[in-house]
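Keep in mind that the numbers below use all heavy atoms, side chains included, and drop hydrogens, waters and symmetry copies. Both counts, for ligands and for their atoms, begin at 1 and track the order of listing.
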Amino acid sequence: MNKYTLAIETSCDDTSISVHEGIELISLKTFSQIKTHEKFGGVIPEVASRLHSKFIFNLIEIAIKDSGKTLKDMDRIAVTVGPGLVNTLQIGITIAKTLSLVLDIPVYGINHIEAHAFSPFINMEAKFIPKKAIVLIVSGGHTQILIKDGWKFNLLGKTRDDSVGEAYDKVAKILGLKYPGGPTIDKIYNETKKKAEKSPLTNLEKYDFSYSGLKSFVSLKAKKNFNKESLMKGFQESAIRQLIKKVEKAMAEFKIDDVIIGGGVSANSLLRSELKSIDNIILHLPKINYTGDNAAMIGYLASIKIQEDIIKEGNLEMDANSRMEI
Ligand code: KG4
Ligand code: ZN
């Protein structure tokens with residue numbers, strides 16, 4: 001029986017490799033490029049591609065060694081095919097296909113957003129994954145709310161402009177903080193004694209999100225006499241409230257208590273505590289080290305789908321799809 005999976009994630013600025021035995025993660029190595037990109041105030045795709053190419057072979061070697069196995073023990077490869085930066089995705093895909101040919105094992109293309117939606121269940125058997133759930137994806141590239149129905153997802157709404165992570169990063173830049181802004185703003189939010197600046201709460205009809213109004217508000221205020229910490233605090237409260245309102249609305253309308261959260265912003269302390277205080281919620285949150293981009297969620301999704309017979313055939317024909325939908 002096929003057992004060992006080697007997973008590769010290169011969709012943005014993290015080179016991440018993992019090894020799984022069945023559905024169990026046995027090794028995970030991630031090289032974050034943040035130190036390089038923070039100098040530019042954001043991810044430069046060309047620079048990201050070069051760094052992936054430079055470090056990926058070494059990371060594969062270390063991850064395999066750490067698993068106590070060898071490349072020849074691998075039974076399949078799982079790789080992110082989209083969404084993400086096309087050139088960085090292509091690096092992971094090309095290596096995955098090459099390994100598949102050389103080792104004569106199948107390669108499976110995995111959707112990055114779908115993998116975030118399964119990140120709370122890494123290492124768990126399928127029976128622990130709710131069949132019906134509200135799914136909130138909050139990352140640097142995406143803000144979406146969906147309904148999970150078995151192995152399918154129906155989109156309820158998404159952002160009309162910036163994603164929530166992007167808003168965090170842009171606001172941080174306006175206020176002179178380093179990229180990525182989310183963790184810094186969250187930290188200051190918890191440490192400051194300053195009062196939150198009253199900030200606009202966007203609450204669009206139905207399930208769409210918008211963050212450009214809130215970002216412009218911070219930008220305008222920042223040009224005047226302002227208190228940086230009060231502005232950050234007000235921003236975080238409004239940014240998170242918008243997410244909470246949509247989760248509550250979806251739970252009430254669809255009568256679903258299971259809520260799954262995934263993506264980099266799911267590390268946010270206020271989001272976590274506000275979600276936990278929603279009545280009746282059955283919350284599925286990823287562990288902090290699986291909130292950002294990682295190969296563990298890619299390898300887990302491939303392994304669990306293969307184990308449950310949801311995907312059968314590998315696909316050597318796959319190509320990077322930067323705008324892939326869930
Ligand atoms: O999922 P992710 O690692 O990459 C994408 O797929 O986009 O998400 C990265 C985003 C960044 O915008 C970063 O600022 C945000 O997640 N982030 C946070 C926190 N930690 C990371 N935002 C708010 N609060 C945090 N604690
Ligand atoms: Zn992501």
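Checked by atom type, the side-chain pair Q236/Y189 shows no donor-acceptor distance below 3.5 Å. H112 and D293 are linked by a side-chain donor-acceptor pair at a separation below 3.5 angstrom, with hydrogens and angles left out of the test. Inspection of the S269 and N190 side chains reveals an N or O donor paired with an N or O acceptor under 3.5 Å.
Distances shorter than 4.0 angstrom do not occur between any heavy atom of C12 and any atom of ligand 1. Residue contact check for ligand 1: K187 places no non-hydrogen atom closer than 4.0 Å to it. Contact analysis leaves Q236 out of contact with ligand 1, as no non-hydrogen atom separation drops below 4.0 angstrom.
The protein heavy-atom contact nearest to atom 24 (N) of ligand 1 is N268 ND2, 2.9 Å. Here the protein heavy atom with the shortest distance to atom 26 (N) of ligand 1 is D186 OD2, 3.1 Å.
Ring planes of F209 and Y211: parallel class, angle under 30° (limits at 30 and 60°).
If you number the atoms of ligand 1 from 1 as listed, the ones under 4.0 Å from a heavy atom of A267 come out as 26 (N). Those atoms of ligand 1 with a heavy atom of H116 less than 4.0 angstrom away are 1 (O), 6 (O). Listed by number with element, the atoms of ligand 1 under 4.0 Å from a non-hydrogen atom of G292 are 3 (O).
Between E114 and K305 there is a salt bridge, with a side-chain nitrogen of the basic residue lying less than 4.0 Å from a carboxylate oxygen of the acidic one. For E166 and K170, the salt-bridge test passes: some basic side-chain N is under 4.0 Å from an acidic carboxylate O.
Summarising the local packing, CD of E308 is surrounded by more than 12 heavy atoms from other residues, nucleotides or ligands at distances under 6.0 Å. The environment of CZ in R272 is crowded: more than 12 heavy-atom neighbours from other residues, nucleotides or ligands sit within 6.0 Å.
Closest to atom 22 (N) of ligand 1 by heavy atom, among G182, G140, S119, is G182. Between the choices D293, D169, T80, the shortest heavy-atom distance to atom 12 (O) of ligand 1 belongs to D169. Distances from atom 15 (C) of ligand 1 to the heavy atoms of V265, D162, I137, D14 put V265 nearest. Of the candidates G42, S266, G264, G264 brings a heavy atom nearest to atom 20 (N) of ligand 1.
Screening K148, H284, K132, K131 for a side-chain hydrogen bond (donor to acceptor under 3.5 Å, both in side chains) with D258, the sole residue that qualifies is H284.
In this structure, the ring-ring contact (aromatic ring centres under 6.0 Å, His included) partners of F55, at least two apart in sequence or on a different chain, are F31.
Residue S199 holds its OG atom at 10.0 Å from CG of L201, rounded to the nearest 0.5 Å.
Annotation: protein N, O or S atoms under 2.8 Å of the Zn ion (ligand 2) (waters excluded) comprise H112 NE2, H116 NE2, D293 OD1.
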